Number of protein chains: 2
Amino acid sequence: MKLSKTADYSLRILSFMAKKPDELHTAKELVDKLNISDKYLRRLMTKLSKSGFIKSVQGREGGYRFTKPTEQIFVSQIIDAVDGLDKYMGCILGFGACSDDNPCALHKKWALVRTDIMNLFKTTSIAEMAQKDVQKI
Amino acid sequence: MKLSKTADYSLRILSFMAKKPDELHTAKELVDKLNISDKYLRRLMTKLSKSGFIKSVQGREGGYRFTKPTEQIFVSQIIDAVDGLDKYMGCILGFGACSDDNPCALHKKWALVRTDIMNLFKTTSIAEMAQKDVQKI
DNA sequence: AACAAATACTACTTGCAAGTATTATTTAAT
DNA sequence: ATTAAATAATACTTGCAAGTAGTATTTGTT
Ligand code: SF4
Ligand code: SF4
């Protein structure tokens, strides 16, 4: 019941950036603050840039900055961009899709919980995330 | 938001066996019915035997059989035995444990959902699972 | 005793996410 | 122009879950 590390990293990175949403953030800064492997983070930043949440400024004095208000970026969109939401939406038993017609004993309750999770992702913005620290314990 | 394949297989196997809870079931039968890789299933059966849900009968005419009423075996116990429940209980962002003191924006809602999931696992018995098919789509 | 049919054990292989290393490109400052 | 500091791209390595192979052991049937 966890997100992939990639999705996890993405949320932590963007949440951190969202504390100062208009500033330019360098990869170095993010690596230092968030304890994420340097090279992996950089690759991820490129991916997030291509997904449109942030844009990169190349060259000296470069970095990354949001392309739109952080109130308009939702957790669900980020997870979808890096992992695909489908990865988290399927049957709890790893099947293709839940069938409401011939459900197992877990199906109905699981479907409810799953809906809750999705709503949680869809209604939580990065701006909201940024209000509280997301620090590695 | 999925269980590991190992946990998934375990649930499917025991659910299937629980349809005829007093019979002896061979690995061959389970492989044929459940489309699970032969060798992997056999290894898993040994593990489940050691966990005490079933016991093996070796030799010709051997197989596996429940050690106690399937009403007394719960999904949570099975997941715990093969994966460890902790694997599914932690922070959604992959941290060590959720801190109620300094929570991020997801924490509270996530903790609620997580409790729901755990209750689902803890209150669903294998007997209950067996009432409905758990078939690979 | 020999055989057949089942489980048990140990080691190897594969696939994928995560992590690492290297080199190329971009651009501000000098 | 040169340099320095940043991002971009590509390929390689590691770690772990899942899958596979082969051999050993157990036990009922003949
Ligand atoms: S009925 Fe059960 S096994 Fe089938 S898709 Fe739904 S949760 Fe999965
Ligand atoms: S507060 Fe958020 S990041 Fe921290 S443990 Fe809870 S869910 Fe995870």
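First the proteins, then the strands, lettered A, B, ... as listed; each starts at 1. Since the model is a prediction, treat every value here as computed from it, not as a measurement.
- With hydrogens and angles disregarded, no donor-acceptor distance shorter than 3.5 Å links the side chain of A/R65 to the backbone of A/H25.
- The side chain of A/T6 places an N or O atom within less than 4.0 Å of a non-bridging phosphate oxygen (OP1 or OP2) of C/dA18.
- Nearest heavy-atom pair, A/D80 versus A/L85, reported as atom, atom and distance to 0.1 Å: OD1-N, 2.8 Å.
- A/S49 comes within 4.0 angstrom of no nucleic acid atom, judged by non-hydrogen atoms across all strands.
- Pairing each heavy atom of A/R12 with each of A/L34, the nearest pair is NH2-O, 2.7 Å.
- Atom CZ in B/R12 sits about 13 Å away from atom P in D/dA18, given to the nearest Å.
- Out of C/dA18, D/dT20, D/dT7, the shortest distance to the side chain of B/S37 is found at D/dT20.
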Exercise. Would A/L14 and A/F66 count as a side chain to side chain contact (heavy atoms under 4.5 Å, CB included) if you check the C-alpha gap in whole Å, the side-chain angles of each, and the deciding distance to 0.1 Å?
Worked result: CA-CA 9 Å; A/L14 296 179; A/F66 282 103; 4.1 Å; yes
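- In terms of polar N and O atoms assigned as donor or acceptor, the side chain of B/K39 comes within less than 3.5 Å of the base of D/dA21 in a complementary pairing.
- For C/dA8, the OP1/OP2 oxygens have a side-chain nitrogen or oxygen of B/T46 closer than 4.0 Å.
- Summarising the geometry of A/Y88 relative to A/A7, their closest heavy-atom pair is OH-CB, 4.2 Å, with the distance given to 0.1 Å.
- Between the P atom of C/dA17 and the CD1 atom of A/I79 lies a distance of 16 Å, rounded to the nearest Å.
- Heavy-atom distances under 4.0 Å link DNA chain C to A/Q58, A/G59, A/R60, A/E61 of residues 51-66 of chain A, given in residue order.
- Atom NZ in B/K2 sits about 17 Å away from atom P in D/dA17, given to the nearest Å.
- In A/K20, the NZ atom is not crowded: 12 or fewer heavy atoms of neighbouring residues, nucleotides or ligands sit closer than 6.0 Å.
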Enumerate donor-acceptor pairs with a distance under 3.5 Å from any side-chain N or O in residues 69-77 of chain A to protein atoms, sequence neighbours excluded.
unit_1: A/Q77; atom_1: OE1; unit_2: A/F74; atom_2: N; d: 2.8

Side-chain donor-acceptor pairs under 3.5 Å in residues 52-59 of chain A, sequence neighbours left out?
none

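- What you find for A/K87 and B/K2 is that their closest heavy atoms are O-CE, 3.5 Å.
- When only modelled atom types and interatomic distance are considered, A/Y40 and A/T6 share a side-chain donor-acceptor pair under 3.5 Å.
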Under 3.5 Å, N/O pairs linking protein and nucleotides 11-13 of chain C:
unit_1: C/dA11; atom_1: N6; unit_2: B/R43; atom_2: NH1; d: 3.1

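- In the region residues 20-27 of chain A, proximity to DNA chain D at under 4.0 angstrom, judged on heavy atoms, holds for A/T26, A/A27.
- To the nearest angstrom, P of D/dT7 lies 10 Å from CD of A/E29.
- B/R42 contributes no side-chain N or O that, together with a main-chain N or O of B/A27, makes up a donor-acceptor pair within less than 3.5 Å.
- Whole-Å rounding puts the A/Y40 OH to D/dC12 P distance at 18 Å.
- Atom-to-atom, CZ of B/R42 to C1' of D/dT25 comes out at 14 Å; the value is rounded to the nearest Å.
- For D/dG19, the OP1/OP2 oxygens have a side-chain nitrogen or oxygen of B/Y9 closer than 4.0 Å.
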Please tabulate, for the side chains in residues 115-130 of chain A, all donor-acceptor contacts under 3.5 angstrom to protein atoms that are two or more places apart in sequence or on a different chain.
unit_1: A/T115; atom_1: OG1; unit_2: A/A111; atom_2: O; d: 2.8
unit_1: A/N119; atom_1: ND2; unit_2: A/T115; atom_2: O; d: 3.4
unit_1: A/T123; atom_1: OG1; unit_2: A/N119; atom_2: O; d: 2.7
unit_1: A/T124; atom_1: OG1; unit_2: A/L120; atom_2: O; d: 2.7
unit_1: A/S125; atom_1: OG; unit_2: A/A127; atom_2: N; d: 3.4
unit_1: A/S125; atom_1: OG; unit_2: A/E128; atom_2: N; d: 3.1

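- A straight line from CG of A/D38 to P of C/dA18 spans 17 Å, rounded to a whole angstrom.
- Between A/L41 atom CG and C/dT20 atom P the separation is 12 Å, expressed in whole Å.
- Of the candidates D/dA9, D/dA18, C/dA18, the closest approach to any side-chain atom of A/K50 belongs to D/dA9.
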